[in-house]
Every structure is written in C-alpha cells, then in structure tokens.
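Contents: one structure, followed by commentary.
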Amino acid sequence: MYGGINAEYGGKLERKLTVDHTHDSTIKDLQLSKDRTMLITASKDTTAKLFDAKTFKFLKSYKTDRPVNSAAISPIKHHILLGGGQEAMEVTTSHTKSGKFEARFFHLIFEEEIGRVKGHFGPINTLAFHPNGKQYASGAEDGYVRIHDFDQSYYDFEYDF
C-alpha cells in the first residue's frame, strides 16, 4: 500500500483517505492503540509512522536503519516498539550479528530510541503488547515466539527532557 489508506466499513469501500506522510515502500503491519485513538504502521522503508485513528492525520515518525516488519503502541507508557531486521536471505551472506534482529523501543512523543532487546536469530515479523502493558510478545523467522516480561527498571524509567 502506497500513498493512501482505504477505509472499508462492513465489507464496502466507503471512501479513500489520502495521507500526506505515507511510506515509500510496502506497509508490513498496522496496529491500533488500546484506546483506539492512534494507529501505527510499519514499513520496509525503515520507518514506522503514527496516525490519529479517526482522521488519519500524520502524527510522528520513527526511523531505523533496517526494514520494520511490525510496530506496537504500549498501553501504559509513551513507548513504541518496533521489530524487523535485515532480510534472512541477505544475512546468510554476512555475519549474523549484522542482521539487527533486536526489538527497539522509541519514545512516542520525542521519536527517539530509548532501548533495545535482543533474542531472535531472524527478522522479527510480529510484535504485540499484553493489554496490561507488563509484557510483550515477539515472533520471528527463527521459528520462535518469545514472551518478554518487563523488570522494575522499565516502570521506573522516566525520559529526561
């Protein structure tokens, strides 16, 4: 999907919404926030973009150095979680550490990376926060689904601005 978002209601195309800040490549994932006020897209163009879910107005962009296959919005903190990585077929010609298969945390408002979590040996294809915000799950091409529990330092972290 390039250049716009189609809004479909009840199986019938109601309208096509044009979005100014869409992606330059394929959108791999789209997820809503828990309260359904925002949505986030993940793209092979190495970005994830945040939109108002009602108006589709562009809000924020999160830039990485690799394709983004999935993105999720924390239900309890101002955090965005991104996952992806170098295509598996390209990694076989390079060192496995260069695939960059970490889940990456960004501050929702300031658009800055605040942390990474390693664990997969292939591109992350899907991410989801638990509704209570105390865990997230990641699934990757390595064949594993991992459940990650946050430790106390995650809840204690305050962004300095």
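Keep in mind that the numbers below use all heavy atoms, side chains included, and drop hydrogens, waters and symmetry copies.
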Q. Do N69 side-chain atoms and I124 backbone N/O form a donor-acceptor pair below 3.5 Å?
A. yes

Q) In the single-linkage hydrophobic clustering (I, L, V, M, F, W, Y; side-chain heavy atoms under 4.5 Å), do L81 and V145 co-cluster? A) no

Q: With rounding to the nearest 0.5 Å, note down the distance linking OH in Y62 to CG in L108.
A: 4.0 Å

Q: Rounded to the nearest 0.5 Å, what's the gap from CG on L82 to CD on E113? Could you check?
A: 8.5 Å

Q: Keeping the roles fixed (side chain from T64, backbone from T46), state whether a donor-acceptor pair exists under 3.5 Å.
A: yes

Q.
To the nearest 0.5 Å, what is the distance between CZ on F157 and CZ on F150?
A. 12.5 Å

Q.
Within the 4.5 Å heavy-atom criterion, are E102 and R66 side-chain neighbours or not?
A. yes

Q. Could you go step by step and tell me if L30 and L39 meet the side-chain contact (heavy atoms from CB on, under 4.5 Å) rule?
A. CA-CA 7 Å; L30 183 147; L39 64 89; 4.0 Å; yes

Q: Only counting residues at least two apart or in another chain, list the ones meeting side chain to side chain donor-acceptor pair (under 3.5 Å) with H107.
A: none

Q. Would you say Q86's side chain and F101's backbone share a donor-acceptor pair under 3.5 angstrom?
A. no

(Q) Surrounding NZ of K63 (heavy atoms of other residues, nucleotides or ligands, distance under 6.0 Å), is the total greater than 12? (A) yes

Q) With sequence neighbours left out, what residues match T126 under side chain to side chain contact (heavy atoms under 4.5 Å, CB included)? A) S70

Q) For H148 and Q135, what are the C-alpha separation, side-chain angles and deciding distance, and is it a side-chain contact (heavy atoms from CB on, under 4.5 Å)? A) CA-CA 5 Å; H148 306 265; Q135 298 174 315; over 6 Å; no

**Q.** E112 (side chain) donor-acceptor with F106 (main chain) under 3.5 angstrom
**A.** no

Q | Qualifying residues under side chain to side chain contact (heavy atoms under 4.5 Å, CB included), relative to A128, sequence neighbours excluded | A | none

(Q) Is the distance between the ring centroids of F105 and Y136 under 6.0 Å? (A) yes

Q. Should F51 and I40 count as side-chain neighbours, where that means a heavy-atom distance under 4.5 Å?
A. no

Q.
Going by the rule side chain to side chain donor-acceptor pair (under 3.5 Å), which residues pair with D35 if we only count those two or more places apart in sequence or in a different chain?
A. S33, T37

Q: Any side chain to side chain donor-acceptor pair (under 3.5 Å) involving residues 73-82? Give me the pairs, sequence neighbours left out, ordered by first then second residue.
A: H79-Y154

**Q.** Backbone N/O of G122 and side chain of H120: donor-acceptor pair under 3.5 Å
**A.** no

Q) Considering residues at least two apart in sequence or located in another chain, which fulfil the salt bridge (Lys or Arg N to Asp or Glu O under 4.0 Å) criterion with D65? A) K100, R104

Q: Identify the two heavy atoms, one from P123 and one from G85, that lie closest to each other, and give their separation to 0.1 Å.
A: CB-O, 4.3 Å

Q: For residues Y144 and F121, establish whether the separation of their ring centroids is below 6.0 Å.
A: no

Q.
Restricting to side chain to side chain contact (heavy atoms under 4.5 Å, CB included), what partner residues turn up for S61, sequence neighbours left out?
A. T47, K49, F58, E111

Q: Sequence neighbours left out, what passes side chain to side chain donor-acceptor pair (under 3.5 Å) with S43? Give chain and number order.
A: D45

Q: Carefully, step by step, assess T41 and H23 under the rule side-chain contact (heavy atoms from CB on, under 4.5 Å).
A: CA-CA 9 Å; T41 58; H23 294 281; 2.6 Å; yes

Q | Separation of Q31 CD from I80 CD1 (nearest 0.5 Å) | A | 10.0 Å

Q.
For D156, give me all partners under side chain to side chain contact (heavy atoms under 4.5 Å, CB included), at least two apart in sequence or on another chain.
A. Q152

Q.
Just to verify, what does R146 make a side chain to side chain donor-acceptor pair (under 3.5 Å) with, not counting sequence neighbours?
A. none

Q: Report the C-alpha separation of M38 and K60 in whole Å, then their side-chain angles, then the decisive distance to 0.1 Å, and conclude whether the side-chain contact (heavy atoms from CB on, under 4.5 Å) test is met.
A: CA-CA 11 Å; M38 297 178 287; K60 302 285 181 180; over 6 Å; no

